[in-house]
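A quick write-up on the structure given underneath.
Letters go in sequence order (proteins before strands), and every chain restarts at 1. Side chains are part of it too, since the values below use all heavy atoms of this structure and drop only hydrogens, waters and symmetry mates.
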Number of protein chains: 2
Amino acid sequence: MSTPTVFPSTARNQPFPEWMRSVQARVQATLARCLPPAESIPGRLHQAMRYTTLNGGKRVRPLLAFAAGELTAAPAERLEIVASVVELIHSYSLVHDDLPCMDDDVLRRGRPTCHVEYDEATALLVGDSLQSLAFELLAREDFGASSRQLEMVRLLARASGSCGMAGGQSIDLESVGRNLNQPELELMHALKTGALIRAAVLLGALCGSALSVPERESLDRFAKRAGLLFQVVDDILDCTASTATLGKTAGKDAAAEKPTYVSLLGIERARELAADLRTQALASLAIFTERGQRLVDLTDFITQRKF
Amino acid sequence: MSTPTVFPSTARNQPFPEWMRSVQARVQATLARCLPPAESIPGRLHQAMRYTTLNGGKRVRPLLAFAAGELTAAPAERLEIVASVVELIHSYSLVHDDLPCMDDDVLRRGRPTCHVEYDEATALLVGDSLQSLAFELLAREDFGASSRQLEMVRLLARASGSCGMAGGQSIDLESVGRNLNQPELELMHALKTGALIRAAVLLGALCGSALSVPERESLDRFAKRAGLLFQVVDDILDCTASTATLGKTAGKDAAAEKPTYVSLLGIERARELAADLRTQALASLAIFTERGQRLVDLTDFITQRKF
């Protein structure tokens, strides 16, 4: 982290698909470097942590962090860290959510889930350890932004905990077999997936120069809309795409009698909601003019994704 | 946290049992204040977090943090935070360790374990959320030691993760039914219980004025010996005390064919080892003269405890 460079310093005009692949490759390399080596003690735990985290995935949260970093000319070395940190938290949540006492799922990103490939106790410890590692990385001495890092730790901890992601999962569990209305469903998702997506966006922006108050408010509005958009699209895909395409079990929410945007609104109105949320998200980016182009492209990617 | 005071400002000469009770009460009050209210959404999760954390226990780690804080004249308000933070990590580890896929225990501190009182999914989320809360508190804006706080976050994260507490638990799982030799057993415990006990001591000291290099090295040596001592005594109590006295299921390690100091050395040699570790721990405190008295008293408490 010795020579900070703005990312992608020579690639501001890189086409979106290339930019996306380059960010994904950077995050993969950072995660591979920051996770404990597979052969270090305890080997089984470290292998399982790597199995879980280094298996691809779309890396939507890291992409959001990098795209938000373009708003503030953030150094690539910092973006690599915050993007990886958010992905570690996301990976931990998937491992725990897949456990038999939660969603009891056997397939994730086209491979057996962690507790199927290893065992339940190991999967539990994998999640716990990935969470600790995220905070360890975010507090790194060589990050070079100590005055901001504590704010980042607070932001990530709140987004992850009982008033964020874990809290959303708890509401989700309580809602099985019940009818939620739209505001209740929105609260659940604002916590369950929205909080970490918002954290990814804000952490990315915090890696660079300061935003003005109206800019920060606009970015926060964007992040909340983008998080909800992501979830609505997820609900649509869950009941329209195949297991092979998704890399995870399709139709699971309906089978588990979980309330979704599709079960609440029907597929057509869910699609209209997604279109509305996309429009609102893009409107929040207007203040950033061309600096916001990556976030605009990413919003379209989230809307149009097929898996 | 507006008016920092050295703790206990008027109570340096307080008898040890009184000091212990006052620290326990302070930590209890801090935890009660910092945990989300039981009635806040999601209610079931927040109730379970409070059920798990506010049920007493000896608070050995908070006591160590406060006693170490006396070495550096640390403000009570900071010690309350780091003591609570370490207890939150300890509580999360107990909730996860008690789950059916781990130690499958039904009794903790004389009450049903979290997954028995609530359910497994809630217990999983309680542990996850307590870990997040610990990092959130340690990064508090009003802690008033921002230059040190990042170091504290790193220290706590390493002590908790796959190269600390969670790693020790993983080695523990792999060792069931196997014969470990004494160095292997020592590594397991250095991680499983030692790492967090060491963190409690070092975090407490970091709340105050800086230690010299030899002082810090001595304190680290003390912390490692004290952690091992705690575990050896734990192993002895597990096979000599009753379930009623312990407040948790006695004789569990032997029943699960887990290697312990008693299974490795026999009860008499395990007692000798405890006596040796106490001597070594106390020798490491000599450099602190009378400032180390609370740590001396606490070492004796750890050695002589009956539960």
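- Note on B/Pro36, B/Ala121, B/Gly161: by heavy-atom pairs under 4.5 Å with chain A, the leading option is B/Ala121.
- Of the two parts of A/Met188, neither the backbone nor the side chain holds a non-hydrogen atom closer than 4.5 Å to a non-hydrogen atom of chain B.
- When heavy atoms are compared at a cutoff of 4.5 Å, A/Leu133 does not approach chain B at all.
- Residue B/Cys101 comes nearest to A/Leu124 through the heavy atom pair SG-CD2, 4.0 Å, listed as atom of the first residue, atom of the second, then distance.
- Note: A/Ala139 leads A/Ala159, A/Gly168, A/Ala139 in heavy-atom pairs under 4.5 Å with chain B.
- With a threshold of 4.5 angstrom between heavy atoms, A/Leu99 approaches chain B through side-chain atoms but not through N, CA, C or O.
- At least one side-chain heavy atom of A/Leu187 sits less than 4.5 Å from a side-chain heavy atom of B/Ile41.
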Give me a line-by-line list of donor-acceptor atom pairs from chain B to chain A that are under 3.5 Å apart, or tell me none exist.
residue	atom	partner	partner atom	Å
B/His46	NE2	A/Ser162	OG	2.7
B/His96	ND1	A/Asp128	OD1	3.1
B/His96	ND1	A/Asp128	OD2	2.8
B/Asp128	O	A/Gln131	NE2	3.3
B/Asp128	OD1	A/His96	ND1	3.1
B/Asp128	OD2	A/His96	ND1	2.8
B/Gln131	OE1	A/Ser132	N	3.3
B/Gln131	OE1	A/Ser132	OG	2.5
B/Gln131	NE2	A/Asp128	O	3.3
B/Ser132	N	A/Gln131	OE1	3.3
B/Ser132	OG	A/Gln131	OE1	2.5
B/Glu136	OE2	A/Arg158	NE	3.2
B/Ala139	O	A/Arg154	NH1	2.6
B/Arg154	NH1	A/Ala139	O	2.6
B/Arg158	NE	A/Glu136	OE2	3.1
B/Ser162	OG	A/His46	NE2	2.7

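- Using a 4.5 Å heavy-atom threshold, the side chains of A/Leu125 and B/Leu173 count as touching.
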